[in-house]
Amino acid sequence: MLARRLIPCLDVADGVVVKGVRFRDHRVVGDIVELARRYAADGADELVFYDITASPERRRVDVAWVERVARELDIPFCVAGGIRSVADAEAVLAAGADKVSVNSPALARPALVDDLAARFGSQCVVVGIDVDAQADDHGAWRVVADSGKPEQASDSGRDLLAWVREVDHRGAGEIVLNAIRNDGVRAGYAHALLDATRAATDLPLVASGGAGAVEHFANVFEHCAVDAALAASVFHAGEIRIGELKRYLAARGIVVRP
Amino acid sequence: MNVRALIVAAGGANYGSLCEACRRIGVDAHLSDDPARIADATHVILPGVGAAAQAMGALRARGLDRALRELRRPLLGVCLGMQLLYEHSAEGDVDGLGLLRGRVRRLPAAPRWPHMGWNTLAPRMADHPLLRDIGRDDWFYFVHGYAADDDGATLAAAEHGAPFAAVVARGHVHGTQFHPEKSAAAGRRLLANFFAL
(Lines give C-alpha, C1' and ligand atoms only; values in the text may rest on other atoms or scores of the structure.)
Protein backbone atom coordinates (compact mmCIF):
# COMPACT_ATOMS: atom_id res chain seq x y z
CA MET A 1 0.00 0.00 0.00
CA LEU A 2 1.26 3.42 -0.92
CA ALA A 3 2.62 5.25 2.12
CA ARG A 4 1.74 8.83 3.00
CA ARG A 5 4.85 10.90 2.46
CA LEU A 6 6.58 13.43 4.72
CA ILE A 7 8.50 16.03 2.80
CA PRO A 8 10.81 18.58 4.38
CA CYS A 9 11.03 21.65 2.18
CA LEU A 10 14.35 23.43 2.14
CA ASP A 11 14.13 27.00 0.90
CA VAL A 12 17.38 27.81 -0.86
CA ALA A 13 18.72 31.32 -1.35
CA ASP A 14 22.18 31.93 -2.77
CA GLY A 15 23.25 28.35 -2.09
CA VAL A 16 22.17 28.04 1.57
CA VAL A 17 18.97 26.89 3.24
CA VAL A 18 16.84 29.70 4.68
CA LYS A 19 13.43 30.04 6.25
CA GLY A 20 11.11 33.01 6.61
CA VAL A 21 7.67 33.50 8.04
CA ARG A 22 5.05 33.90 5.31
CA PHE A 23 7.88 34.06 2.79
CA ARG A 24 9.44 37.12 4.53
CA ASP A 25 12.43 37.83 6.75
CA HIS A 26 14.61 34.95 5.71
CA ARG A 27 17.28 33.67 8.01
CA VAL A 28 19.95 31.09 7.26
CA VAL A 29 19.26 27.65 8.72
CA GLY A 30 22.13 25.62 7.28
CA ASP A 31 24.12 23.98 4.51
CA ILE A 32 22.09 22.28 1.77
CA VAL A 33 23.93 18.97 1.62
CA GLU A 34 24.28 18.67 5.39
CA LEU A 35 20.55 19.22 5.94
CA ALA A 36 19.61 16.94 3.04
CA ARG A 37 21.72 14.13 4.46
CA ARG A 38 20.28 14.62 7.95
CA TYR A 39 16.69 14.47 6.71
CA ALA A 40 17.31 11.38 4.60
CA ALA A 41 18.88 9.61 7.59
CA ASP A 42 15.96 10.69 9.76
CA GLY A 43 13.40 9.03 7.44
CA ALA A 44 12.23 11.83 5.14
CA ASP A 45 10.45 10.29 2.15
CA GLU A 46 11.44 12.99 -0.26
CA LEU A 47 12.89 16.49 -0.20
CA VAL A 48 11.86 19.65 -1.97
CA PHE A 49 14.46 22.32 -2.62
CA TYR A 50 12.78 25.60 -3.38
CA ASP A 51 15.10 28.19 -4.88
CA ILE A 52 13.29 31.23 -3.55
CA THR A 53 15.52 33.71 -5.32
CA ALA A 54 15.76 32.17 -8.80
CA SER A 55 12.13 32.71 -9.71
CA PRO A 56 11.56 36.35 -8.70
CA GLU A 57 15.02 37.39 -9.84
CA ARG A 58 14.45 35.51 -13.12
CA ARG A 59 17.63 33.51 -12.68
CA ARG A 60 18.19 29.89 -13.53
CA VAL A 61 18.63 27.40 -10.70
CA ASP A 62 22.33 26.93 -9.98
CA VAL A 63 22.78 23.25 -10.87
CA ALA A 64 26.02 22.89 -8.89
CA TRP A 65 24.14 22.38 -5.62
CA VAL A 66 21.63 20.10 -7.35
CA GLU A 67 24.52 17.85 -8.37
CA ARG A 68 25.98 17.91 -4.87
CA VAL A 69 22.63 16.92 -3.37
CA ALA A 70 22.09 14.15 -5.96
CA ARG A 71 25.44 12.61 -5.06
CA GLU A 72 24.56 12.50 -1.37
CA LEU A 73 20.92 11.47 -1.38
CA ASP A 74 19.42 8.04 -1.87
CA ILE A 75 15.86 9.31 -1.64
CA PRO A 76 14.07 11.37 -4.29
CA PHE A 77 14.08 15.14 -4.46
CA CYS A 78 12.33 17.87 -6.37
CA VAL A 79 13.63 21.29 -7.36
CA ALA A 80 11.28 24.25 -7.45
CA GLY A 81 11.80 27.88 -8.38
CA GLY A 82 13.38 29.34 -11.48
CA ILE A 83 12.22 26.70 -13.96
CA ARG A 84 10.74 28.57 -16.88
CA SER A 85 11.47 26.33 -19.85
CA VAL A 86 12.09 22.77 -20.97
CA ALA A 87 15.81 23.62 -21.10
CA ASP A 88 15.78 24.81 -17.46
CA ALA A 89 14.05 21.60 -16.41
CA GLU A 90 16.43 19.46 -18.43
CA ALA A 91 19.45 21.02 -16.70
CA VAL A 92 18.00 20.36 -13.24
CA LEU A 93 16.90 16.80 -14.05
CA ALA A 94 20.24 15.99 -15.70
CA ALA A 95 21.95 17.27 -12.54
CA GLY A 96 20.10 14.57 -10.62
CA ALA A 97 16.72 15.96 -9.50
CA ASP A 98 13.84 13.51 -9.80
CA LYS A 99 11.14 16.09 -10.36
CA VAL A 100 10.79 19.74 -11.14
CA SER A 101 8.10 21.98 -9.74
CA VAL A 102 6.77 24.98 -11.63
CA ASN A 103 4.60 27.75 -10.28
CA SER A 104 4.64 31.35 -11.55
CA PRO A 105 6.11 30.49 -15.00
CA ALA A 106 3.20 28.08 -15.53
CA LEU A 107 0.74 30.84 -14.63
CA ALA A 108 2.42 33.10 -17.18
CA ARG A 109 2.55 30.38 -19.85
CA PRO A 110 0.33 27.39 -19.06
CA ALA A 111 1.64 25.43 -22.08
CA LEU A 112 4.89 25.03 -20.12
CA VAL A 113 3.13 22.20 -18.25
CA ASP A 114 2.28 20.44 -21.54
CA ASP A 115 5.82 20.90 -22.83
CA LEU A 116 7.42 19.49 -19.68
CA ALA A 117 5.05 16.52 -19.56
CA ALA A 118 5.67 15.71 -23.24
CA ARG A 119 9.44 15.88 -22.84
CA PHE A 120 9.96 14.26 -19.43
CA GLY A 121 6.68 12.49 -18.67
CA SER A 122 4.03 13.65 -16.22
CA GLN A 123 5.73 11.89 -13.32
CA CYS A 124 8.50 14.52 -13.38
CA VAL A 125 6.19 17.52 -13.44
CA VAL A 126 4.94 19.05 -10.20
CA VAL A 127 2.83 22.19 -10.23
CA GLY A 128 3.09 24.38 -7.15
CA ILE A 129 0.11 26.56 -6.39
CA ASP A 130 0.14 29.41 -3.86
CA VAL A 131 -3.16 30.58 -2.48
CA ASP A 132 -3.78 33.49 -0.15
CA ALA A 133 -7.09 32.56 1.40
CA GLN A 134 -9.11 33.46 4.42
CA ALA A 135 -10.90 30.54 6.01
CA ASP A 136 -14.23 32.06 5.08
CA ASP A 137 -13.53 32.86 1.41
CA HIS A 138 -15.19 29.66 0.19
CA GLY A 139 -15.36 29.45 -3.54
CA ALA A 140 -13.31 32.61 -4.13
CA TRP A 141 -9.80 31.29 -3.87
CA ARG A 142 -7.39 33.06 -6.14
CA VAL A 143 -3.99 31.82 -7.15
CA VAL A 144 -1.09 34.12 -6.24
CA ALA A 145 1.79 34.60 -8.68
CA ASP A 146 5.39 35.42 -7.75
CA SER A 147 4.89 34.79 -4.05
CA GLY A 148 8.61 34.14 -3.55
CA LYS A 149 9.15 37.85 -3.02
CA PRO A 150 6.26 39.53 -1.23
CA GLU A 151 6.71 42.89 -2.98
CA GLN A 152 6.30 41.17 -6.35
CA ALA A 153 3.43 38.87 -5.37
CA SER A 154 0.26 39.47 -7.33
CA ASP A 155 -3.17 38.03 -7.93
CA SER A 156 -2.78 35.81 -11.00
CA GLY A 157 -6.44 36.35 -11.82
CA ARG A 158 -6.94 32.58 -11.78
CA ASP A 159 -9.43 30.68 -9.70
CA LEU A 160 -7.78 27.91 -7.68
CA LEU A 161 -10.02 25.03 -8.71
CA ALA A 162 -10.13 26.04 -12.38
CA TRP A 163 -6.32 26.18 -12.37
CA VAL A 164 -6.05 22.77 -10.66
CA ARG A 165 -8.27 21.23 -13.35
CA GLU A 166 -6.33 22.96 -16.09
CA VAL A 167 -2.88 21.79 -14.99
CA ASP A 168 -4.24 18.26 -14.47
CA HIS A 169 -5.54 18.32 -18.05
CA ARG A 170 -2.24 19.71 -19.34
CA GLY A 171 -0.26 16.82 -17.88
CA ALA A 172 0.90 17.75 -14.38
CA GLY A 173 1.93 14.74 -12.29
CA GLU A 174 1.50 16.21 -8.82
CA ILE A 175 0.16 19.33 -7.13
CA VAL A 176 1.69 21.07 -4.13
CA LEU A 177 -0.90 23.37 -2.61
CA ASN A 178 0.63 26.03 -0.43
CA ALA A 179 -1.61 28.15 1.77
CA ILE A 180 0.33 31.40 2.14
CA ARG A 181 -1.57 32.59 5.20
CA ASN A 182 -0.84 29.34 7.00
CA ASP A 183 2.84 29.24 6.03
CA GLY A 184 5.14 29.59 9.01
CA VAL A 185 2.22 30.27 11.36
CA ARG A 186 2.14 26.68 12.66
CA ALA A 187 -1.60 26.50 13.27
CA GLY A 188 -2.35 23.52 11.03
CA TYR A 189 -2.87 22.88 7.33
CA ALA A 190 -5.61 24.59 5.29
CA HIS A 191 -8.10 21.73 5.23
CA ALA A 192 -10.89 23.47 3.32
CA LEU A 193 -8.54 24.40 0.48
CA LEU A 194 -7.09 20.89 0.37
CA ASP A 195 -10.52 19.23 0.39
CA ALA A 196 -11.73 21.40 -2.47
CA THR A 197 -8.55 20.71 -4.44
CA ARG A 198 -8.81 16.98 -3.78
CA ALA A 199 -12.34 16.99 -5.15
CA ALA A 200 -11.11 18.70 -8.33
CA THR A 201 -8.31 16.27 -9.23
CA ASP A 202 -7.07 12.68 -8.84
CA LEU A 203 -3.43 13.78 -9.04
CA PRO A 204 -1.13 13.22 -6.06
CA LEU A 205 -1.69 16.17 -3.75
CA VAL A 206 0.83 17.60 -1.29
CA ALA A 207 -0.34 19.79 1.60
CA SER A 208 1.92 22.75 2.33
CA GLY A 209 1.78 25.55 4.84
CA GLY A 210 0.83 25.44 8.49
CA ALA A 211 2.46 22.46 10.20
CA GLY A 212 3.39 23.23 13.80
CA ALA A 213 2.72 20.05 15.77
CA VAL A 214 2.54 16.29 15.16
CA GLU A 215 -1.26 16.48 15.44
CA HIS A 216 -1.37 18.75 12.39
CA PHE A 217 0.16 16.00 10.26
CA ALA A 218 -2.21 13.37 11.64
CA ASN A 219 -5.17 15.69 11.12
CA VAL A 220 -4.38 16.48 7.52
CA PHE A 221 -3.86 12.80 6.66
CA GLU A 222 -7.01 11.71 8.51
CA HIS A 223 -9.31 14.47 7.29
CA CYS A 224 -7.99 15.35 3.83
CA ALA A 225 -7.12 12.76 1.19
CA VAL A 226 -3.66 14.19 0.67
CA ASP A 227 -0.76 11.99 -0.38
CA ALA A 228 1.97 13.92 1.35
CA ALA A 229 2.56 16.71 3.83
CA LEU A 230 5.32 19.24 3.35
CA ALA A 231 6.83 21.36 6.09
CA ALA A 232 9.91 23.40 6.73
CA SER A 233 10.33 25.34 9.96
CA VAL A 234 9.20 22.64 12.39
CA PHE A 235 11.71 20.26 10.89
CA HIS A 236 14.57 22.74 10.54
CA ALA A 237 14.17 23.91 14.11
CA GLY A 238 14.34 20.29 15.27
CA GLU A 239 11.00 20.66 17.08
CA ILE A 240 9.62 17.68 15.19
CA ARG A 241 11.92 14.81 14.28
CA ILE A 242 10.71 12.87 11.26
CA GLY A 243 11.46 9.48 12.78
CA GLU A 244 9.36 10.29 15.86
CA LEU A 245 6.62 11.83 13.73
CA LYS A 246 6.40 8.63 11.68
CA ARG A 247 6.09 6.47 14.79
CA TYR A 248 3.31 8.76 16.04
CA LEU A 249 1.46 8.60 12.70
CA ALA A 250 1.86 4.81 12.46
CA ALA A 251 0.41 4.47 15.99
CA ARG A 252 -2.60 6.43 14.76
CA GLY A 253 -3.07 3.94 11.93
CA ILE A 254 -1.65 6.10 9.15
CA VAL A 255 0.44 4.17 6.62
CA VAL A 256 3.98 5.53 6.55
CA ARG A 257 7.33 4.09 5.53
CA PRO A 258 9.05 3.25 8.83
CA MET B 1 34.84 -11.89 -11.63
CA ASN B 2 35.46 -8.17 -11.61
CA VAL B 3 32.35 -6.13 -12.21
CA ARG B 4 32.56 -3.81 -15.20
CA ALA B 5 29.29 -1.95 -14.81
CA LEU B 6 27.92 0.25 -17.53
CA ILE B 7 24.99 2.62 -17.41
CA VAL B 8 23.43 3.22 -20.80
CA ALA B 9 23.40 7.00 -21.16
CA ALA B 10 21.14 8.09 -23.97
CA GLY B 11 18.76 10.99 -23.82
CA GLY B 12 20.07 13.38 -21.19
CA ALA B 13 18.31 11.94 -18.16
CA ASN B 14 19.41 11.49 -14.59
CA TYR B 15 22.41 9.16 -14.42
CA GLY B 16 24.37 10.81 -11.61
CA SER B 17 22.19 9.32 -8.88
CA LEU B 18 22.52 5.85 -10.32
CA CYS B 19 26.32 6.19 -10.63
CA GLU B 20 26.52 7.33 -7.01
CA ALA B 21 24.22 4.53 -5.83
CA CYS B 22 26.57 2.03 -7.50
CA ARG B 23 29.61 3.74 -5.98
CA ARG B 24 28.07 3.49 -2.49
CA ILE B 25 28.00 -0.31 -2.82
CA GLY B 26 31.55 -0.38 -4.16
CA VAL B 27 30.77 -0.63 -7.88
CA ASP B 28 32.45 1.79 -10.24
CA ALA B 29 29.85 2.27 -12.99
CA HIS B 30 30.65 4.01 -16.24
CA LEU B 31 28.29 6.00 -18.42
CA SER B 32 28.31 5.40 -22.13
CA ASP B 33 26.17 5.56 -25.23
CA ASP B 34 28.69 3.56 -27.26
CA PRO B 35 27.29 0.16 -28.38
CA ALA B 36 30.81 -1.35 -28.27
CA ARG B 37 31.21 -0.46 -24.58
CA ILE B 38 27.91 -2.18 -23.82
CA ALA B 39 29.14 -5.43 -25.36
CA ASP B 40 32.23 -5.23 -23.16
CA ALA B 41 30.47 -4.73 -19.79
CA THR B 42 29.72 -7.48 -17.27
CA HIS B 43 26.58 -5.73 -15.99
CA VAL B 44 24.46 -3.20 -17.86
CA ILE B 45 21.85 -0.85 -16.43
CA LEU B 46 19.31 0.80 -18.68
CA PRO B 47 17.90 3.79 -16.79
CA GLY B 48 15.24 6.09 -18.01
CA VAL B 49 13.51 9.25 -17.05
CA GLY B 50 11.12 10.76 -19.51
CA ALA B 51 8.60 9.52 -21.99
CA ALA B 52 8.87 6.13 -23.73
CA ALA B 53 8.75 7.30 -27.36
CA GLN B 54 11.54 9.82 -26.83
CA ALA B 55 13.71 7.31 -24.95
CA MET B 56 13.32 4.59 -27.63
CA GLY B 57 14.14 7.15 -30.31
CA ALA B 58 17.36 8.05 -28.47
CA LEU B 59 18.38 4.36 -28.21
CA ARG B 60 17.68 3.71 -31.89
CA ALA B 61 19.52 6.82 -33.04
CA ARG B 62 22.73 5.47 -31.46
CA GLY B 63 22.31 1.82 -32.45
CA LEU B 64 21.89 0.97 -28.76
CA ASP B 65 18.70 -1.00 -29.40
CA ARG B 66 20.68 -3.62 -31.34
CA ALA B 67 23.49 -3.71 -28.80
CA LEU B 68 20.98 -4.31 -26.01
CA ARG B 69 19.20 -7.07 -27.96
CA GLU B 70 22.53 -8.83 -28.56
CA LEU B 71 23.63 -8.57 -24.94
CA ARG B 72 23.89 -11.86 -23.00
CA ARG B 73 25.26 -10.49 -19.72
CA PRO B 74 22.96 -9.33 -16.88
CA LEU B 75 20.85 -6.34 -17.87
CA LEU B 76 18.73 -4.25 -15.46
CA GLY B 77 16.12 -1.84 -16.75
CA VAL B 78 15.13 0.79 -14.18
CA CYS B 79 11.71 2.52 -14.23
CA LEU B 80 11.21 3.66 -17.82
CA GLY B 81 14.25 1.53 -18.68
CA MET B 82 12.31 -1.55 -17.52
CA GLN B 83 9.31 -0.50 -19.60
CA LEU B 84 11.51 -0.24 -22.70
CA LEU B 85 12.40 -3.95 -22.34
CA TYR B 86 8.88 -4.92 -23.40
CA GLU B 87 7.34 -5.30 -26.86
CA HIS B 88 5.20 -2.20 -26.74
CA SER B 89 4.33 0.80 -24.58
CA ALA B 90 1.03 2.62 -24.64
CA GLU B 91 2.91 5.80 -23.68
CA GLY B 92 3.30 7.37 -27.11
CA ASP B 93 2.20 4.05 -28.74
CA VAL B 94 5.80 2.96 -29.31
CA ASP B 95 7.47 -0.42 -29.85
CA GLY B 96 10.10 -1.29 -27.24
CA LEU B 97 13.15 -3.56 -27.32
CA GLY B 98 11.05 -6.72 -27.16
CA LEU B 99 13.42 -8.45 -24.73
CA LEU B 100 10.46 -9.29 -22.51
CA ARG B 101 7.11 -10.39 -23.86
CA GLY B 102 4.15 -8.25 -23.07
CA ARG B 103 2.96 -4.70 -23.06
CA VAL B 104 3.25 -1.59 -20.93
CA ARG B 105 -0.08 0.05 -20.18
CA ARG B 106 -1.33 3.15 -18.46
CA LEU B 107 -2.07 2.57 -14.78
CA PRO B 108 -5.71 2.96 -13.75
CA ALA B 109 -6.82 6.51 -12.93
CA ALA B 110 -7.96 5.52 -9.44
CA PRO B 111 -6.98 5.98 -6.68
CA ARG B 112 -4.30 8.34 -8.04
CA TRP B 113 -2.46 8.75 -11.30
CA PRO B 114 0.53 8.71 -11.57
CA HIS B 115 1.79 6.27 -8.93
CA MET B 116 4.19 8.39 -6.91
CA GLY B 117 5.72 7.46 -3.60
CA TRP B 118 6.91 4.56 -1.45
CA ASN B 119 5.27 1.18 -1.79
CA THR B 120 5.88 -2.42 -0.79
CA LEU B 121 6.26 -5.58 -2.89
CA ALA B 122 4.36 -8.85 -3.12
CA PRO B 123 7.04 -11.39 -4.04
CA ARG B 124 5.99 -14.06 -6.57
CA MET B 125 9.41 -15.75 -6.77
CA ALA B 126 11.04 -14.84 -3.50
CA ASP B 127 13.96 -17.24 -3.98
CA HIS B 128 15.31 -15.42 -7.06
CA PRO B 129 18.81 -14.03 -6.32
CA LEU B 130 17.72 -10.51 -7.32
CA LEU B 131 15.34 -10.55 -4.32
CA ARG B 132 17.83 -11.86 -1.79
CA ASP B 133 17.12 -10.28 1.64
CA ILE B 134 14.19 -8.34 0.20
CA GLY B 135 10.70 -9.01 1.46
CA ARG B 136 7.23 -7.68 2.08
CA ASP B 137 8.38 -5.18 4.69
CA ASP B 138 10.76 -3.32 2.39
CA TRP B 139 9.74 -0.03 0.83
CA PHE B 140 10.71 1.20 -2.62
CA TYR B 141 10.27 4.52 -4.35
CA PHE B 142 8.03 4.50 -7.42
CA VAL B 143 7.23 7.34 -9.78
CA HIS B 144 5.48 6.28 -12.98
CA GLY B 145 2.21 6.49 -14.85
CA TYR B 146 2.60 3.31 -16.94
CA ALA B 147 3.48 -0.24 -15.95
CA ALA B 148 3.94 -3.76 -17.32
CA ASP B 149 1.41 -6.51 -16.70
CA ASP B 150 1.93 -8.77 -13.71
CA ASP B 151 2.72 -11.97 -15.65
CA GLY B 152 5.09 -14.94 -15.83
CA ALA B 153 8.21 -12.76 -15.72
CA THR B 154 7.18 -11.10 -12.43
CA LEU B 155 9.48 -11.75 -9.47
CA ALA B 156 7.54 -9.29 -7.31
CA ALA B 157 4.39 -7.34 -7.96
CA ALA B 158 3.23 -4.07 -6.45
CA GLU B 159 -0.27 -2.70 -6.34
CA HIS B 160 -1.66 0.70 -7.18
CA GLY B 161 -5.24 0.52 -8.35
CA ALA B 162 -4.27 -2.84 -9.88
CA PRO B 163 -1.30 -5.21 -9.49
CA PHE B 164 1.58 -4.60 -11.86
CA ALA B 165 5.09 -5.99 -12.37
CA ALA B 166 7.52 -4.29 -9.98
CA VAL B 167 10.53 -6.62 -10.34
CA VAL B 168 10.90 -8.86 -13.38
CA ALA B 169 13.41 -11.32 -14.76
CA ARG B 170 13.66 -13.64 -17.70
CA GLY B 171 17.06 -15.14 -18.34
CA HIS B 172 19.66 -12.37 -18.23
CA VAL B 173 17.05 -9.59 -18.59
CA HIS B 174 15.87 -7.90 -15.37
CA GLY B 175 13.86 -4.86 -14.48
CA THR B 176 12.60 -2.81 -11.56
CA GLN B 177 9.71 -0.40 -11.95
CA PHE B 178 10.87 1.45 -8.84
CA HIS B 179 14.10 3.42 -8.53
CA PRO B 180 16.60 1.35 -6.50
CA GLU B 181 18.96 4.35 -6.48
CA LYS B 182 16.26 6.37 -4.70
CA SER B 183 15.03 3.63 -2.37
CA ALA B 184 17.49 4.05 0.51
CA ALA B 185 18.74 0.81 2.14
CA ALA B 186 16.33 -1.56 0.36
CA GLY B 187 17.40 -0.13 -2.99
CA ARG B 188 21.05 -0.63 -2.11
CA ARG B 189 20.38 -4.30 -1.40
CA LEU B 190 18.67 -4.77 -4.74
CA LEU B 191 21.53 -3.16 -6.67
CA ALA B 192 24.07 -5.26 -4.77
CA ASN B 193 22.04 -8.37 -5.66
CA PHE B 194 22.11 -7.39 -9.33
CA PHE B 195 25.87 -6.97 -9.38
CA ALA B 196 26.25 -10.35 -7.67
CA LEU B 197 24.43 -12.07 -10.58
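Numbers restart at 1 for each chain; the letters A, B, ... are given by sequence-line order, proteins then strands. Values below: every heavy atom of this structure, side chains too, minus hydrogens, waters and symmetry copies. Computed from a prediction, not measured in an experiment: that's the story for all the values here.
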Please look at B:H144 and chain A and tell me whether the side chain, the backbone, both or neither of the residue comes under 4.5 angstrom of a heavy atom of that chain.
backbone
For A:R71, is it the side chain, the backbone, both, or neither that has a heavy atom closer than 4.5 Å to a heavy atom of chain B?
both
Please report the closest heavy-atom contact between A:L203 and B:P114, naming both atoms and the distance.
CD2-CD, 4.1 Å
Return the CE to CD distance between B:M116 and A:Q123, rounded to the nearest 0.5 Å.
7.0 Å
Heavy-atom closest contact (A:G96 atom, B:S17 atom, distance)
O-OG, 3.6 Å
Find the distance between CG (B:D137) and CZ (A:R257) and round it off to the nearest 0.5 Å.
13.5 Å
Look up atom CD in A:E174 and atom CZ in B:R112, then write down how far apart they are to the nearest 0.5 Å.
10.5 Å
Side chains of B:S183 and A:I75: does their closest heavy-atom pair fall under 4.5 Å?
no
Turns out that what part of A:A118 lies under 4.5 Å from chain B's heavy atoms comes down to backbone
Heavy-atom pairs under 4.5 Å with chain A - which of B:Y146, B:Y141, B:F142 has more of them than the others?
B:Y141
Is there a donor-acceptor contact under 3.5 Å from the side chain of A:D74 to the main chain of B:K182?
no
With only heavy atoms counted, which part of B:E159 is less than 4.5 Å from chain A, the side chain, the backbone, both or neither?
neither
Got a sec: does the CZ of B:R132 have more than 12 other heavy atoms crowding it under 6.0 Å?
no
Below 4.5 Å from any heavy atom of chain A, which atoms of B:P180 appear? Answer side chain, backbone, both or neither.
neither
Okay, A:D227 and chain B: the region with an atom under 4.5 Å from a heavy atom over there is side chain
Nearest heavy-atom approach of A:P204 to B:W113 is CD-O, 3.6 Å
Interchain contact, B:A21 with chain A, by part (heavy-atom threshold 4.5 Å):
neither
Contact winner vs chain A - B:R188, B:E91, B:R24, heavy-atom pairs under 4.5 Å
B:R24
B:R60, CZ atom: more than 12 neighbouring heavy atoms under 6.0 Å
yes
Taking side chain as everything from C-beta outward and backbone as N, CA, C, O, which of these in A:E72 sits under 4.5 Å from a heavy atom of chain B? Side chain, backbone, both or neither.
backbone
Using the rule side-chain contact (heavy atoms from CB on, under 4.5 Å), only one of A:L2, A:V256, A:V255, A:D45 pairs with B:W118; which is it?
A:D45
